[in-house]
Student: 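Handing you a structure now.
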Amino acid sequence: MFVATGSFFLGQAKVIPEPLRIWPLLYVLAFLPLPAIFYWLWRVRRRPPGILTRNPRYELASNALEAQR
């Protein structure tokens with residue numbers, strides 16, 4: 001995502017309309033995915049283990065599959 005936004009906002013700045021071609025704004029938009037990615041990685045890392053398996057439907061389906069074996 002960072003490569004795509006950097007390539008668009010910094011590499012293809014000539015396709016952005018002249019009034020919106022403010023270089024500090026383009027740099028912010030190009031580098032904004034980096035803090036977003038690190039925040040997302042931090043949130044995923046802090047998630048307690050097994051949070052995805054606490055769904056009762058998943059447990060019922062898992063038990064039903066194990067019973068068939």
Side-chain angles (χ1 to χ4, degrees):
M1 185 162 49
F2 169 67
V3 173
T5 58
S7 297
F8 178 74
F9 289 114
L10 300 178
Q12 302 293 325
K14 60 185 172 191
V15 299
I16 297 174
E18 188 74 38
L20 299 177
R21 217 177 297 167
I22 304 166
W23 284 105
L25 176 65
L26 294 179
Y27 277 108
V28 168
L29 293 174
F31 289 102
L32 191 62
L34 285 179
I37 289 169
F38 287 119
Y39 174 73
W40 177 79
L41 288 172
W42 177 72
R43 290 283 298 180
V44 169
R45 186 177 182 137
R46 287 189 52 232
R47 183 174 293 161
I51 195 167
L52 297 177
T53 60
R54 291 185 186 157
N55 187 345
R57 291 182 182 175
Y58 175 80
E59 291 175 5
L60 289 174
S62 175
N63 292 338
L65 288 173
E66 288 177 8
Q68 289 178 351
R69 291 182 186 180

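Side chains included, hydrogens not; waters and symmetry mates left out as well; all remaining heavy atoms used.
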Student: Do the side chains of Leu26 and Leu32 join up, straight or via other hydrophobic residues, at under 4.5 Å, putting them in one cluster?
Tutor: no
Student: Out of curiosity, does Trp23 fall in the hydrophobic cluster containing Phe8 (side-chain heavy atoms, cut-off under 4.5 Å, transitive links)?
Tutor: yes
Student: Applying the 4.5 Å side-chain criterion to the ILVMFWY set and letting contacts propagate, would Val15 and Ile22 be lumped into a single cluster?
Tutor: yes
Student: Roughly how far, to the nearest 0.5 Å, is CG of Leu20 from CG of Leu29?
Tutor: 10.0 Å
Student: Restricting to non-hydrogen atoms, name the atom on Arg21 and the atom on Lys14 that form the minimum distance, rounded to 0.1 Å.
Tutor: NH2-O, 3.5 Å
Student: At their closest point, which heavy atom of Ala30 faces which heavy atom of Gly6, and how far apart are they?
Tutor: CB-CA, 3.9 Å
Student: Rounded to the nearest 0.5 Å, what separation is found between the CG atom of Leu34 and the OG1 atom of Thr5?
Tutor: 7.5 Å
Student: State, yes or no, whether a side-chain contact exists between Leu25 and Phe9 at a heavy-atom distance under 4.5 Å.
Tutor: no
Student: Find out if a path of hydrophobic residues (ILVMFWY) with successive side-chain heavy-atom gaps under 4.5 Å connects Ile16 to Tyr27.
Tutor: yes
